Protein chains: 2
Amino acid sequence: MKLAVIALGGNSLIHPKERGTSEKQIERVNKTVSYLKPVIKKFSLVLTHGSGPHVGNLLLQQKISKKLLPEMPLDTLDSMVQGQLGYWIQQTVENVLHKNAVTIITRVLVDKKDKAFKHPTKPIGQKSWKKIVASPKPIEILDIKEIETLIKKNFIVVACGGGGIPVIEKSGKYVGIEAVIDKDYATQKLASQLKAEMIIFLTDVDYVYHNYGKSNQKPLRRLNVNEAIKYIRENQFKEGSMKPKIEASVEFLKKGGKKVLITSPEKLNLALKGKVGTAIE
Amino acid sequence: MKLAVIALGGNSLIHPKERGTSEKQIERVNKTVSYLKPVIKKFSLVLTHGSGPHVGNLLLQQKISKKLLPEMPLDTLDSMVQGQLGYWIQQTVENVLHKNAVTIITRVLVDKKDKAFKHPTKPIGQKSWKKIVASPKPIEILDIKEIETLIKKNFIVVACGGGGIPVIEKSGKYVGIEAVIDKDYATQKLASQLKAEMIIFLTDVDYVYHNYGKSNQKPLRRLNVNEAIKYIRENQFKEGSMKPKIEASVEFLKKGGKKVLITSPEKLNLALKGKVGTAIE
């Protein structure tokens, strides 16, 4: 079977306006995962996910408690939310989709000279508390061989959660570094390294829009690479939201990927039939 | 190659008297992992580990912050420390032992009627703060197929961290439950399900002792199953410490395991040569 990599947006896991108890969040994960039913008949699946709100919450808890307990660095917090959300997603996939699922703690190589370390841009946390952290570009997904091995054995693999754990190379060793990688860019790297057929970005909107939020906004139903590049240059897409998805899509298609779909979890079934959503080819 | 399952005691990851910054802990993981060099030449390896201090720290941080952010339940905290320690151990294995390593988020089936839920006995946390939580017996390691798959592909697999994430079956679905499984019992289940040749329990002492702490204490160099059972009945071993290791050893050998070694990480090399440590056969 061909391979699809599906990226679950942070909001499909935690509602931005809810307090986010584990019950509420698992309920939401359940709902999101249930929309994947039509895909598992046609594709092998790797699931990636955002975790901005979760890393932010953990960081805040660490700060509040720092007199009593040492704060853990961001790369370690990234690994903790990979465990947390991986567990919830994997268990839900088994309960709802009746397929074996597995979570792989995934490290991603970044460049210590990446300009992001001097100019942090990525907001993490929820409404009550936000922090801007460095978001370097992913260079290579390190734990790729185990992911490949498990796809071949027909597992649905949860990987690269929260964009992966950022590590740098230092005297021939891998060492964690404080940052949060954008999950859309990391999803592209992963999908390209795995030679996936398709990426599906599940997000808050049913379509990518031209002139989004303006009176003349228009859903984009089909885009080719050149159109996507043109719209990026025209600043059509929001930083940290739709822009990384479109940039990642362009890169994925240039590297040999066949198709990208961007839509909401609720509309995924219709999007697969070409009736809703934005297809980039 | 034959398979050995090595259980790393919580203290080989965090020093009970240190504040436990990430740097100090990773340093300690490094040291512990470096002692595994002689084993990787002879065995395929699965590594399990304790996480009592880590789960306790997380729980405390959650409690301190609970007015601002919802507390996560214990099973979710278990999954978070699996991510955290798995990441540190896996990266260290690659850096120090130069072998591919992978962390598998591992769920373990328990019985909701386990008497542990009415009579919690397991202390978690560090010196500043402890809590007694339920510690049900592991019935089955659920994520076993992916662990088997990866062992065959020559990965060193970090699994069942902190005793695994406890889940129960409820109307045909798996649901997390608030508890912390003893890592020694979970290690036995894992090793037996994987048909491992050997379990190695790495702990704070070089030997299992007869009359431990008394003036006539004596290191036990070799034990057979019947002797081990006899000493358990005589209450020779401390609850929550050496007793679960010996009980797990007996069960492992009864189920077809060939050998158990109990020693400190520092003495592992000598123990493999039969010069130090307690061998149960």
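So you know, we letter chains A, B, ... as the sequences are listed, proteins then strands, and number each from 1. Keep in mind the model is a prediction, meaning the values are calculated, not measured.
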>> I'd like to know if B:K195 pairs up with B:E148 as an ion pair, taking the criterion as any Lys NZ or Arg NE/NH1/NH2 lying under 4.0 Å from an Asp or Glu carboxylate oxygen.
In response: no
> Does a donor on one side chain sit under 3.5 Å from an acceptor on the other, for A:S79 and B:Q84?
Replying inline: no
> Taking B:V81, B:T103, B:D78 one by one, which has the highest count of heavy-atom pairs under 4.5 Å against chain A?
Replying inline: B:T103
> Among B:K152, B:R107, B:K145, B:E23, which residue forms the greatest number of heavy-atom pairs with chain A at distances under 4.5 Å?
Replying inline: B:R107
>> Ignoring hydrogens, what is the shortest heavy-atom contact between A:K99 and A:I156? Give both atom names and the distance.
In response: CB-CD1, 3.8 Å
> Judged by atom type as modelled, is there a donor-acceptor pair below 3.5 Å linking the side chain of A:E146 to the main-chain atoms of B:V102?
Replying inline: no
> Is it the backbone or the side chain of B:F155 that comes under 4.5 Å from a heavy atom of chain A, or both, or neither?
Replying inline: side chain
> Looking only at side chains, do A:Y87 and B:D75 share a donor and an acceptor under 3.5 Å apart?
Replying inline: yes
>> Determine whether a donor-acceptor pair (N or O, by modelled atom type, separation under 3.5 Å) exists between the side chain of A:S51 and the backbone of A:H54.
In response: no
>> Is a donor from one side chain sitting under 3.5 angstrom from an acceptor on the other, for B:S65 and B:Q61?
In response: no
> Quick check: does any side chain N or O of B:S44 sit under 3.5 Å from a backbone N or O of B:L3, one acting as donor and the other as acceptor?
Replying inline: no
> Is any NZ, NE, NH1 or NH2 atom of the basic residue among B:K63 and B:E71 found under 4.0 Å from an Asp or Glu carboxylate oxygen of the other?
Replying inline: yes
> Heavy-atom distance under 4.5 Å to chain A: side chain of B:L58, backbone, both or neither?
Replying inline: side chain
> Do B:Q188 and B:S192 have side-chain atoms, one donor and one acceptor, less than 3.5 Å apart?
Replying inline: yes
> Does any heavy atom of chain A fall under 4.5 Å from the side chain of B:N100, the backbone, both, or neither of them?
Replying inline: side chain
> In terms of heavy-atom pairs under 4.5 Å with chain A, which of B:I64, B:I26, B:V158 leads?
Replying inline: B:I64
> So what's closer than 4.5 Å to chain A heavy atoms on B:L150: side chain, backbone, both or neither?
Replying inline: side chain
> Is it the backbone or the side chain of B:L69 that comes under 4.5 Å from a heavy atom of chain A, or both, or neither?
Replying inline: both
>> Taking side chain as everything from C-beta outward and backbone as N, CA, C, O, which of these in A:E94 sits under 4.5 Å from a heavy atom of chain B? Side chain, backbone, both or neither.
In response: side chain
> Within residues 133-143 of chain B, which positions have a heavy-atom distance to chain A below 4.5 Å?
Replying inline: B:D143
>> Using heavy-atom distances under 4.5 Å, tell me whether A:K153 contacts chain B through its side chain, its backbone, both, or neither.
In response: side chain
>> Whether the side chain of B:E169 engages the backbone of B:Y174 through a donor-acceptor N/O pair (distance < 3.5 Å, no angle test) should be reported.
In response: no
>> Under 3.5 Å, is there a donor on one side chain and an acceptor on the other for B:S22 and A:T76?
In response: no
> Out of B:K173, B:Q82, B:Q91, which one racks up the most heavy-atom pairs below 4.5 Å with chain A?
Replying inline: B:Q91
> Counting heavy-atom pairs under 4.5 Å to chain B, which of A:I165, A:V175, A:I104, A:T92 comes out on top?
Replying inline: A:I165
